[in-house]
Amino acid sequence: MGGVHPPEQKLTAGKAIEVLPVPSVLSIPLGQALGAPSRAVVAKGDAVKAGQLIARGEAFISANIHSPVSGKVLKVDEVIDTSGYRKPAISIQTEGDEWMDGIDRSPELVRECLLNQEAIVARIKEMGIVGLGGATFPSHVKLMVPGGKKVDTLIINGVECEPYLTSDHRLMLERTEEVLIGTTILMKGLGVSKALIGIEGNKPDALEALGRLAGAYPGISVHALKVKYPQGGEKQLIRALTGREVPSGRLPLEVGCVVNNVGTAFAVYEAVQKNKPLVERVVTVTGKSLTRPGNFLVRIGTPVSALIEAAGGVPESTGKVINGGPMMGKALTSLDVPVVKGTSGILLMDDTSSARVEVEPCIRCSRCVSVCPMGLEPYLLALLSANEAWDRVETGRAMDCIECGSCQYTCPSGRPLLDHLRLGKARVGQIIRNRRN
Amino acid sequence: MDQTVLFALLSLGTLGTGSAVILYFVAQRFKVIEDPRIDVVNELLPAANCGGCGYAGCRNFAEAIVKNESLEGLNCPVGGNEVMQRIAAALGLEAEMADPLIAVVRCSGSHEHAPQKVKYEGASSCAFAHNLYAGESGCPFGCLGLGDCVVSCDFDAIYIDGSTGLPVVDIRCVACGACVKACPRGIIELRPKGKKDRRIYVSCVNEEKGGPARKNCAVACIGCGKCVKVCAFDAIRLENNLAWIDPKKCTLCRKCVAECPTDAIHELNFPPRKPRGEEAAAPETQTQLS
Amino acid sequence: MAKRESSFKNMVITLLSVTGIAALSLGGVYNLTREPIAEAQKAKLQQAIGEVLPPFSELEEHEAMPADGPDPLVFYVARNADSIVGTAVRTYTDRGFSGRFTIMVGFLPDGTIHNTAVLEHKETPGLGDKMDIRKAPWSEQFRGKNPAEYRLQVRKDGGDVDAITAATISSRAFCDAVQRAYDTQQQKGGEKQ
Amino acid sequence: MEYVIIIIAAVFVNNIVLAQFLGICPFLGVSTKVGTATGMSMAVLFVITLATIVTWLVQTLVLDPLGLGFLQTITFILIIAALVQMVEIILKKVSPSLYQALGIFLPLITTNCAVLGVAILVVQKDYNLLQGVVFAVANALGFGLALLIFSGIREHLELMDVPRRMRGVPIALLTAGILALAFMGFAGLV
Amino acid sequence: MKQLTISGSPHVHGQDTIRGLMYGVVLAMVPAMLVSVYFFGLDAVRVMLISVGACLLFEFLIQKYLLKGPVSITDGSAVITGILLSFNVPSNLPWGILLIGALVAIGIGKMSFGGLGRNIFNPALVGRVFLLISFPVQMTTWPIPRPIVAEGITDAITGPTPLGILKEGLRKGESLQDLSSQLPDYLTTLMGNHGGCLGEVSAIALLIGAAYMLVRRIITWHIPAAYLGSVVLFSGIFWLIDPTYYADPLFHLLTGGMILGIFFMATDYTTSPMSPSAQLVYGAGAGIITMIIRIWGAYPEGVSFAILIMNAVVPLLDRGLKPRRFGEAIKAQ
Amino acid sequence: MNQLGNFTKGFLKENPVFVMLLGMCPTLGVSTSAINGIGMGLATTFVLVGSNVVVSLIKDLIPDKVRIPSYIVVIASFVTIVELVMQGFMPALFAQLGLFIPLIVVNCIVLGRAEAFASKQSVGSSAIDGLGMGLGFAFALGILGSVREVLGSQSLFGFKLLPGDGMLVFVLAPGAFIALGYLIALIRKA
Ligand SMILES: Cc1cc2nc3c(=O)[nH]c(=O)nc-3n(C[C@H](O)[C@H](O)[C@H](O)COP(=O)(O)O)c2cc1C
Ligand SMILES: Cc1cc2nc3c(=O)[nH]c(=O)nc-3n(C[C@H](O)[C@H](O)[C@H](O)COP(=O)(O)O)c2cc1C
Ligand SMILES: Cc1cc2nc3c(=O)[nH]c(=O)nc-3n(C[C@H](O)[C@H](O)[C@H](O)COP(=O)(O)O)c2cc1C
Ligand SMILES: Cc1cc2nc3c(=O)[nH]c(=O)nc-3n(C[C@H](O)[C@H](O)[C@H](O)CO)c2cc1C
Ligand code: SF4
Ligand code: SF4
Ligand code: SF4
Ligand code: SF4
Ligand code: FES
């Protein structure tokens, strides 16, 4: 159902993951995971080691944060986040490279997982693993299946349907076994015996690599999927792989599935087998005008400017710098913002290719309706939202919108459909919350 | 009597009586429906249906007035005291004298004072931009300049000044409060009009500490507290690094205005000060009279 | 404004008297206008007959069933002194664009059409209503024609009648009505039933 | 077949609103929401049918025999007015839920030409009781059809930025005009 | 680096634009335009030029002086309206009437509602039906096509359309067999050598354009398929019942404005429904109404009326027939 | 309000058709020509003046609960009088206006004026108000009738302005809606 085919532009698909040098100052926002921000457990002036817990996730949905480097805490204050608002963060001055004890940083594979289900979940929680597919939902919460619900399938999301981005792709190629072991651990943590890895058909090498090795891991199967955006959306992926549809407003649990990104599976491997907290991740730095686009293994908290520097510096023609891909990413207001757990890519676009087209009246061409993967009527929801008819926005199921942007991408009138939809969702969300209270 | 006339009389008479009987029973069932005074009050109201009174339309307000049996706390901003007085007379009640209010835009982050750092492209709506990012100047509190307030105003009393990029309220404002609700950043405040339209207020809502605030905007309130100290009437409160002048206590003495190091306090419609050097340049006028 | 109270008695009395007065005055007006209304209706018929026949002094009325129609036609036989000057036939057709319309056709004793007049119709204004002589001269073409040799059909169907442009249906229906009048008059016109 | 023709004629060809111009006020007045339009159509269906039966009876049993044809207007309107109010009372007693749905429209119907118009037309057309009822129902359906279509259009137009001057009644009339134009395509069906 | 730009996602846009789609439709109509020039000669050129020119002019004047808003006559929609209006009139229509038609189409049918995208009814059809009812004589006097390659262009001779012959004949009580000698054969109707409006004579030229639009995905198959299907089904049933009285489906498909209506006018975005299911109902409804009017109505042709009537129902269809939602269950409050 | 104001307000400021949108059915139904429109307008004026006068005369005698039925009876009586008189003395016009004469009863203007004005004001004012409103109605119908006649049959008051037929649409139902829609858009202040 629905979907679009934006040009793929996977410029960095062939670029092996490089390790980015550690910057001298990092700032680590406290609100990196979906849910409540974590509470800092260090203070100005404290010395920290790499991998040391510096902020604890205390709410049910929130995650621990660890120091990515060793050094001194400069301050616990506010920094500008991706959208320009100030958010609490810890700044650390790098000094040396001292890691916490017990962290195994050797490249050796550890296949056997000796922990039991509970211990796995506890370890994942401790190590601050969050979903790396974009939503940064704390992974341990996903593994704690509420009573009465039955989960039978783990789905590993290797789709990476966003144009330009290749970090998951590279990970699947270069850390194939780790991903598979991570998957096995997740299966164990969930208590399921079946895992499906979904990969878009445009990554034959990844399909081949995973498919070849998957035979050795019972219960894991690899599936090629149609190349279509947003195939990687959780609900779309579940349907593509299992034929099940997550009901409106419900979680994947409802249909017995849990979805995790391949990056998450890798992070889980490192956390469980190597005792390593989530302090670094793979980020694609790309853009047609960049001289050295590539995939980098980056410490959390590294400023975006350092990444771009590594990729050849900011070209003069740059109009937009996007955190994420062109379909769902967030435009940055400043290059000083740090890489966070959810940063999968940094995309530089020039003025012409990123400029919005002229807005004209909706001609009711119904393209937005036919591409919406959720079966919504974007033109109508946007219109209602512009008219502030919030009740009809709600009954039009605006809350189902996954903000994939297919509608706005395809609209020949260049209408800012998703802009209006987001506003509508925000308002309706507020209304629903008020109603509950 | 002519036969036709007789028949006519008979049949129409029967019908009439029949209707009367039916209607009598209708009448029995529908007792008094509505207080007639509601209509009286409704007639007196300006029929702007703006909702400024806090009720959904003029008629609802009229119902509330009649039901309340007193005018305490009820005010029609559009009609003002005059209308409330007339309603009071009609109902034999006392009208509470409300100070006339006007909308005040508490942001001076013009293009000049708070230079644009990034460019926004997308749906022209403050509400949307507010959800998306901090704003073109980087001030996460300041005016976004996309005019949600302008759209919300039924009285054409507010417009965006092209040179500053900020909204300006003019005398058509009836203090209905629509813009206050529309602004996602809570920049607009309804304040008493003041004697001779003179007002003093802090034209900033930035709650950041001084440093970050000034980084984005030259005229931001930095929360230094000088005004609080200089005010002899205890009219200024400082909370979250932001000063606010209580109009009920302020005597319009203008001391704070001179004290503010960033020119964040505005005075309106005062006669020019005796020349005291650079102070002569009056802050920009936010309300146009005439 | 001392309104009367809405007691049961008051209500009944009021309505009774209002309707009573209304009945009385309406009865009165009716009696006054009864004559003129009847006159007006008669005048209309008279005028129509006058239009379709040469001058006459007496009129005699009878009905006859047509061979192919559900309702009877009305014949007005006009005489001057003793000689019949013509017969006006009130005829109809159900093939009009908007259902039935009635026309009056005047035949001279030899069967020649003297004139036609439209009595009632619901045809479209501007199209079908052109068959009315007051709207358009179309129906003049029937004057002086004898259906014995004049084929009462529109040219499209092989007849001699020029159809009203864009209203062939009405034209056809008009011919149908005239034909019915002619046929019936030929068969039964003379005799009384 | 006769009844089919009456129905097709009344609903499509000579639609009461679009071709005969009866009941225009509620057509313009209660057509802003599809929900209200549906309620109004139901109420009109009910009242027109009832009124036609009663007025037909009064006409054939009282007015005609007594030669009181000239009292038609006054008796019919009185009957309709009284009937509507009676229906209101009964409905309120018998089915409060139905009253909720239809009740608010009933007062509107008293001063609606469609009801009186259809009652008079039935007499003018010399229909017998059954034909009269079919005619009345068909006209009410025609009214409902036009009202429903129209309310859908108006609800849609609400969201469109129609030029200021045309907004509201003018554009509604214009739409009704084009709708009437489209319905002329049914000409000649009967 | 200059200033960074901020906007919500997505940051890229597909290649479809209003202009691209509209001129695609114009391109799709070129074969039919050429055929009409071939058959009707300079008259066809005259009618098309006046119609398109007038539509553009009226749109310009209204946007500039009445609405006082931006002028968008280059977006191509008025061009389509102009061409389609000219396709819907006989080639000998006086220019005054053509101007009225363009004014009605653009002024009443489109700009009164606010212009592109807001209109309820198909503007070209509003213009056409307005003319048809206002000027029945001029609108139903069909010049007989005489290919420009044929000898000397003299005064056009007029003749009836195939549907006109059919309706007229049946009304007189003739059977189809009697009429068949007067009716053109399928090949003629397909190629277009018979009486009719400019754009309705050649089915094959229209079909080429339709195929182009389908391939380029300017239109989807839903509306045409439903329309076509219901026409074939409806006329087929009656044809099977009594082939001496009811014409066969192919005849109905190839004559009159059927192909033009199905592919170019019923598919107009603005005036057709949004969800696939609603589009199917819309197409089927239009097909059935077309056949009802053709078989029993006063007009020989019903496509225009049928589409206009279904246009009116579109808001209700949009309301009632929503696209299939992902995960149909209702959200728990 | 002064009497002159009472009289003139019906023409533009409170014009029943263009501004208050009352009595739409007769407005659309009989405005095929200027003469018809004005004839209908005058008939309505007569009923308006008559019923306004009578209502203001008897207003104090009528108990509240039977106010509406009593007014309806009064109005219906005047309508019937118009009906009978026209039938007798102007049969041609009567035939043209047809159904819409009895429908004056349900014309919202008449009852509306009786309710809103006459039941509160003196006899003199009521008469003037009725006259003003009625003439305003006639004025509106005259204008609409003229527009439709000129466009539809290229004549005015029966005199041919141009040879030929004009745009038939304006004689028929769709033209009525369209012409009225544009007239209202033209007149309204927006
Ligand atoms: C409030 C909330 C509660 C959630 N609870 C669960 C949960 O109990 N189990 C689970 O597997 N996922 C849970 N999820 C995670 C979602 O299923 C989903 O994986 C996450 O929002 C990221 O999805 P996305 O990247 O497609 O947006 C929850 C999400 C939210 C927002
Ligand atoms: C439109 C859309 C596209 C997405 N595309 C991908 C994708 O390509 N790859 C991916 O891993 N997650 C993608 N996601 C996120 C998934 O829905 C889901 O949140 C994620 O796979 C859950 O795994 P995680 O919790 O481990 O991140 C997408 C989400 C949306 C809404
Ligand atoms: C609204 C409307 C009214 C019509 N009125 C009439 C009419 O009164 N009389 C008539 O013969 N045809 C009427 N027609 C039918 C058409 O004009 C029809 O095409 C014509 O009668 C067929 O005749 P033709 O052979 O001249 O084409 C009307 C059509 C429509 C749509
Ligand atoms: C596929 C397609 C079909 C169209 N069909 C018509 C048409 O039948 N009549 C018309 O006036 N405009 C047509 N247009 C142009 C335009 O959409 C139309 O004028 C809008 O209704 C104006 O709002 C068409 C456009 C497209 C893309
Ligand atoms: S409405 Fe939401 S889910 Fe549908 S296409 Fe648009 S952004 Fe995607
Ligand atoms: S894609 Fe754009 S133009 Fe087409 S219907 Fe959706 S909003 Fe309208
Ligand atoms: S400026 Fe604000 S408060 Fe004043 S009238 Fe306008 S919306 Fe109301
Ligand atoms: S004051 Fe508020 S609503 Fe007005 S332009 Fe500024 S941000 Fe927008
Ligand atoms: S005049 Fe109001 S409904 Fe007819």
Side-chain angles (χ1 to χ4, degrees), chain B residues 107 109-151 153 156 159-160 162-167 182-185 187 205-206 208 212-218 220, chain E residues 1-23 59-60 62-77 110-120 269-271 273-275 314-315 318-319 322-323 325-327 331-333:
Chain B
C107 176
S110 59
H111 295 324
E112 184 197 335
H113 296 316
Q116 185 180 348
K117 299 205 182 67
V118 295
K119 196 171 103 215
Y120 171 71
E121 213 182 25
S124 188
S125 142
C126 303
F128 177 62
H130 174 69
N131 279 356
L132 185 70
Y133 80 125
E136 295 191 326
S137 73
C139 170
F141 291 89
C143 176
L144 293 157
L146 296 170
D148 280 12
C149 47
V150 177
V151 174
C153 183
D156 288 337
Y159 63 92
I160 302 276
S163 61
T164 62
L166 292 169
C183 179
R185 299 201 143 171
I187 286 167
V205 289
N206 189 314
E208 288 172 317
R214 280 209 87 149
K215 211 174 115 211
N216 292 320
C217 178
Chain E
M1 185 187 64
K2 292 157 294 190
Q3 259 169 10
L4 287 179
T5 303
I6 300 296
S7 67
S9 63
H11 305 283
V12 282
H13 190 262
Q15 60 291 334
D16 278 344
T17 58
I18 294 188
R19 275 181 189 71
L21 295 172
M22 293 294 169
Y23 288 111
E59 182 154 318
F60 172 78
I62 293 173
Q63 283 182 334
K64 176 122 191 180
Y65 297 105
L66 285 180
L67 301 183
K68 303 196 171 71
V71 172
S72 62
I73 53 169
T74 53
D75 65 18
S77 65
K110 185 172 174 191
M111 299 318 290
S112 290
F113 291 86
L116 180 64
R118 281 84 155 201
N119 48 320
I120 300 287
Y269 299 146
T270 304
T271 56
M274 302 296 271
S275 74
V314 164
D318 274 345
R319 217 182 123 92
K322 298 282 180 191
R325 254 88 184 249
F326 188 102
K331 184 180 300 184
Q333 288 296 335

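Order of the sequence lines sets the chain letters (A, B, ...), proteins ahead of strands, with each chain counted from 1.
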Select all residues of residues 62-70 of chain E having any heavy atom within less than 4.5 Å of some heavy atom of chain B, and report them by number, or 'none'.
-> none
Of the non-hydrogen atoms in Gly135(B) and Leu144(B), which two are nearest, and what is the gap between them?
-> CA-CD2, 3.7 Å
Partners meeting side-chain hydrogen bond (donor to acceptor under 3.5 Å, both in side chains) with Tyr23(E) (sequence neighbours left out) | none
Which atom names give the shortest non-hydrogen contact between Pro323(E) and Ser275(E), and what distance separates them?
-> N-CB, 3.6 Å
Check: Met274(E) main-chain N/O paired with Asp318(E) side-chain donor or acceptor under 3.5 Å | yes
Residues two or more places apart in sequence or in another chain: which of them pass salt bridge (Lys or Arg N to Asp or Glu O under 4.0 Å) with Asp75(E)?
-> none
Atom pair OG/CD1 of Ser112(E) and Ile120(E) - distance to nearest 0.5 Å | 12.5 Å
Got Met22(E) and Ser77(E) here, is their nearest side-chain heavy-atom distance under 4.5 Å?
-> yes
Here the gap from Cys143(B) atom SG to Ile187(B) atom CD1, rounded to the nearest 0.5 Å, amounts to 5.0 Å
Produce the donor-acceptor pair table for chain E versus chain B, cut-off under 3.5 Å.
{"unit_1": "Gln3(E)", "atom_1": "NE2", "unit_2": "Gln116(B)", "atom_2": "O", "d": "3.1"}
{"unit_1": "Leu4(E)", "atom_1": "O", "unit_2": "Lys119(B)", "atom_2": "N", "d": "2.7"}
{"unit_1": "Ile6(E)", "atom_1": "N", "unit_2": "Lys119(B)", "atom_2": "O", "d": "2.5"}
{"unit_1": "Ile6(E)", "atom_1": "O", "unit_2": "Glu121(B)", "atom_2": "N", "d": "2.8"}

State, with a plain yes or no, whether a side-chain heavy atom of Asn119(E) is found less than 4.5 Å away from one of Thr271(E).
-> yes
